[in-house]
*Asks:* 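After the structure tokens below, expect a handful of questions from me.
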Amino acid sequence: MCGIIGVVQKRGVVAPFLHQALKRLEYRGYDSVGVTTISDNKLYVKKDQGKIDEVHRRLNLDEMPGSMGIGHTRWATHGPPSMLNSHPHFDCHNEIAVVHNGVIDNFMELRLELSKKGHKLNSETDTEVIPHMLEDYMKEGLSLAEALKEVSKRIEGTYAIVAMSTKDNGKIVCTRDGNPLVIGTKSGVSYVSSDIPAFLPMTNDMILLLDGEIASLTTDEIRIEKLSDGSSVERDTIKISWTADQAQKSGYPHFMLKEIHEQPEAIRNTLRLRPETIKEAAEIIKSSERVYIIAMGTSGHAAIAGRHMFASLAGILPSFELASDFSDTVYDALSDKDCIIAITQSGETTDTISAVKFAKEFSTKIVAITNVVGSSITRLADHTVITQAGPEIGVAATKTFMVQLTSLALIALALSELTGFKDTATIQGKLESLQKMPELVSNVISRNEEKARRLASLFYDKPSLLFLGRGISMATAEEGALKLKEIAYNHAEAYSAGESKHGPIALVQDGYPVIFVAPNDDTRKRIIGNIMEMKARGATIISVIQKNDNDMSSIADHTFTIPSDVEPEFSIMPYVVPLQLFSYYMALRKGYDPDKPRNLAKSVTVL
Ligand code: F6R
């Protein structure tokens with residue numbers, strides 16, 4: 001949450017780059033935006049409440065002097081969105097500027113202490129204590145970096161902080177504890193950001209900054225030190241394979257639609273993961289006593305689907321736990337013989353990272369599935385599978401979900417081989433069907449997109465919709481309902497079709513939309529029974545079914561169709577796609593921006 005960018009370059013005006021970098025970070029929060037540059041030893045600032053385009057129209061973010069600056073796009077925690085609460089924040093003399101992501105837990109006592117010393121704080125944020133504390137330390141003669149080291153000793157919480165000062169010109173200083181920061185490097189320019197896409201058009205060379213480290217960036221040098229003992233850190237540059245083009249809309253009206261269309265390619269690239277990487281994950285799982293899968297949101301739905309895949313293909317049934325509730329659920333029932341599969345596309349979700357840290361206290365093994373190289377989870381895990389979706393910019397996860405499912409399917413098949421639960425021919429057949437998935441998903445998109453648009457115009461004003469499925473399709477239904485809630489704001493609930501008659505059916509009356517996920521698998525017959533129950537109460541039935549399933553289509557009012565048979569363990573991959581499209585067109589029909597759902601941000605880095 002909250003996007004951060006900082007850049008120091010030898011010459012040229014930096015403001016237009018900062019503006020564009022913030023646009024690429026907007027998925028992290030979009031209630032306010034701010035930029036500060038330094039020119040002629042003076043700070044220039046433009047900041048306000050609102051989305052970047054709105055603020056730019058009012059203030060013209062491109063017109064600011066100076067070749068170094070920092071910027072921030074905000075997802076409010078302390079203090080509502082307002083000009084005063086927008087970052088950057090400053091000291092009493094407008095000489096130090098700070099942007100911050102995270103939460104300073106002890107900000108109240110620090111604020112009180114600063115006020116007593118005569119500092120004037122203007123905002124309601126926790127962040128503002130930082131520049132004022134820096135001011136005091138710099139007054140004692142410390143450099144900006146030394147002052148930030150002192151500040152980091154006093155603040156409690158999780159943070160990524162980027163600061164610059166006219167008193168220590170030509171340098172950007174940054175530190176982190178619990179929130180992401182990556183450094184970008186190119187001849188004569190240094191970048192720091194919360195996310196790689198911010199500087200992707202300029203460089204693919206990245207250096208990781210780890211928790212408890214501080215970096216000083218100039219145009220010629222990047223110096224990293226450990227906060228604990230001041231020792232210097234030598235770290236290699238990593239080349240990122242993502243392209244700048246992947247972080248552009250490339251002619252699509254929204255990132256979400258582009259990313260739905262990129263799913264076949266994302267699956268294809270993930271299927272090319274090194275077999276050893278998959279095998280190692282499977283081996284850790286196989287050798288563990290208890291296996292847990294943990295995740296949040298959409299990644300949680302991939303986890304639920306993964307659980308079905310492991311059970312059906314490998315005879316291993318992991319427990320699924322929401323990462324946020326993990327320690328409250330398992331208590332001390334963990335050991336070094338157990339393993340956790342942690343799924344997080346960003347690799348930064350605090351709920352998931354905290355659960356993993358908790359498990360590590362018991363020496364439990366961690367297998368991570370993430371889309372971001374160098375993200376926090378990769379440094380905690382014993383083994384990591386990096387999915388190959390490329391950067392996902394739309395806040396609603398689509399293609400990263402698809403590659404999580406792809407990697408889980410690969411691990412399940414490798415696990416099946418190890419456990420011998422299925423014979424070689426069966427495993428080979430399933431693998432071959434997985435290889436055909438990119439083409440199938442591509443066909444599903446082309447066959448259902450227009451239908452999704454049409455159905456959205458029929459259902460957009462329905463206050464509530466029910467999504468029902470059985471078995472693995474329960475995860476598909478959950479994901480369909482989540483997508484609709486988060487971008488179109490219709491109330492939507494997913495239930496097991498079996499459970500639906502134990503309460504939720506009371507909601508159903510004439511015209512109430514019920515969406516059934518009904519692939520041609522073992523659940524199909526029972527699903528028909530559930531459809532009939534809903535129809536008998538006047539529900540309007542929308543079903544996602546296999547093409548030519550005449551029984552199913554005859555009892556539905558509307559259908560989305562999947563063109564061919566699919567292995568039951570992988571049905572979620574094609575069957576979720578019409579639901580992604582449906583949500584997208586529902587949001588559009590209601591006039592909402594699907595890329596920037598209200599109250600949400602791409603990476604949830606608060607507990
Ligand atoms: C929904 C969505 C969120 C995330 C959740 C976990 O579209 O994007 O529900 O899935 O916040 O995020 P990661 O996968 O980054 O841990």
Side-chain angles (χ1 to χ4, degrees), residues 1-3 27-29 75 178-180 194-197 254-257 259-260 263 266 293-306 320-326 340-357 366 368-378 380-381 384-387 389 391-408 475-476 478-489 492 494 576-577 579-584 586-587 592-607:
M1 290 170 151
C2 298
Y27 57 48
R28 277 199 157 256
W75 187 89
N179 285 118
S194 49
D195 302 63
I196 300 160
H254 297 99
F255 281 110
M256 183 179 175
L257 189 63
E259 287 158 3
I260 290 173
Q263 292 183 115
I293 313 193
I294 62 165
M296 298 304 295
T298 290
S299 298
H301 302 151
I304 296 169
F320 166 67
E321 304 294 344
L322 282 175
S324 57
D325 296 9
F326 187 63
I340 291 212
I341 306 165
I343 309 178
T344 163
Q345 68 78 21
S346 63
E348 301 293 349
T349 297
T350 303
D351 287 313
T352 309
I353 298 290
S354 302
V356 164
K357 285 184 177 161
I366 313 293
I369 300 179
T370 184
N371 198 48
V372 181
V373 174
S375 57
S376 298
I377 194 100
T378 63
L380 294 167
T384 303
V385 175
I386 302 279
T387 56
E392 185 174 72
I393 310 292
V395 166
T398 52
K399 64 174 179 171
T400 53
F401 179 59
M402 199 55 87
V403 294
Q404 289 168 347
L405 295 169
T406 311
S407 50
L408 286 162
T476 320
E478 292 268 16
E479 180 56 9
L482 176 64
K483 286 281 96 76
L484 192 61
K485 273 186 276 212
E486 71 178 325
I487 63 168
Y489 317 141
V576 78
V577 173
L579 303 181
Q580 296 171 334
L581 288 165
F582 180 59
S583 301
Y584 172 79
M586 288 280 272
Y592 300 130
D593 179 349
D595 284 345
K596 299 189 193 76
R598 72 181 172 219
N599 304 336
L600 295 176
K602 185 82 189 150
S603 180
V604 183
T605 50
V606 288
L607 278 176

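Note that ligands are numbered from 1 as they come in the structure, with each ligand's atoms numbered from 1 the same way.
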*Asks:* Looking only at side chains, do Glu348 and Ser375 share a donor and an acceptor under 3.5 Å apart?
*Replies:*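 On atom types as modelled, these side chains do not qualify, holding no pair under 3.5 Å.
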*Asks:* Output, or 'none' if empty, a list of ligand 1-protein atom pairs in which both atoms are N or O and the distance is under 3.5 Å, rounded to 0.1 Å.
*Replies:*
residue	atom	partner	partner atom	Å
ligand 1	7 (O)	Thr298	OG1	3.3
ligand 1	7 (O)	Ala397	N	2.9
ligand 1	7 (O)	Lys483	NZ	3.0
ligand 1	7 (O)	Glu486	OE1	3.2
ligand 1	7 (O)	Glu486	OE2	2.5
ligand 1	8 (O)	Val395	O	3.4
ligand 1	9 (O)	Thr298	N	3.3
ligand 1	10 (O)	Thr298	N	3.0
ligand 1	12 (O)	Thr349	OG1	3.4
ligand 1	14 (O)	Ser299	OG	2.5
ligand 1	14 (O)	Gln345	N	2.8
ligand 1	15 (O)	Thr344	OG1	3.4
ligand 1	15 (O)	Gln345	NE2	3.4
ligand 1	15 (O)	Ser346	N	3.0
ligand 1	15 (O)	Ser346	OG	2.6
ligand 1	15 (O)	Thr349	OG1	3.3
ligand 1	16 (O)	Thr344	OG1	2.7
ligand 1	16 (O)	Thr349	OG1	2.5

*Asks:* Using the side chain to side chain contact (heavy atoms under 4.5 Å, CB included) criterion, which residues pair with Ala355? Sequence neighbours excluded.
*Replies:*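 With sequence neighbours excluded, Ala355 shows a side chain to side chain contact (heavy atoms under 4.5 Å, CB included) to Ile294, Ala323, Phe326, given in chain and number order.
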*Asks:* Tell me the salt bridge (Lys or Arg N to Asp or Glu O under 4.0 Å) pairs involving residues 391-405, sequence neighbours left out?
*Replies:*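 Checked against salt bridge (Lys or Arg N to Asp or Glu O under 4.0 Å) - neighbours excluded - the pairs reaching residues 391-405 are Glu262-Lys399, Glu392-Lys602.
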*Asks:* Partners of Ser583 by side chain to side chain contact (heavy atoms under 4.5 Å, CB included), sequence neighbours excluded?
*Replies:*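 Residues passing side chain to side chain contact (heavy atoms under 4.5 Å, CB included) with Ser583: Lys483, Leu484, Ile487.
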*Asks:* Over all heavy atoms of both residues, which pair between Ile377 and Ala368 is shortest? Give the atoms and the distance, please.
*Replies:*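 Ile377 and Ala368 have their closest heavy atoms at CG1-CB, 3.6 Å.
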*Asks:* Less than 3.5 Å apart, any donor N or O on the side chain of Thr387 or Gln345 sitting next to an acceptor on the other?
*Replies:*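 There is no such pair between these side chains.
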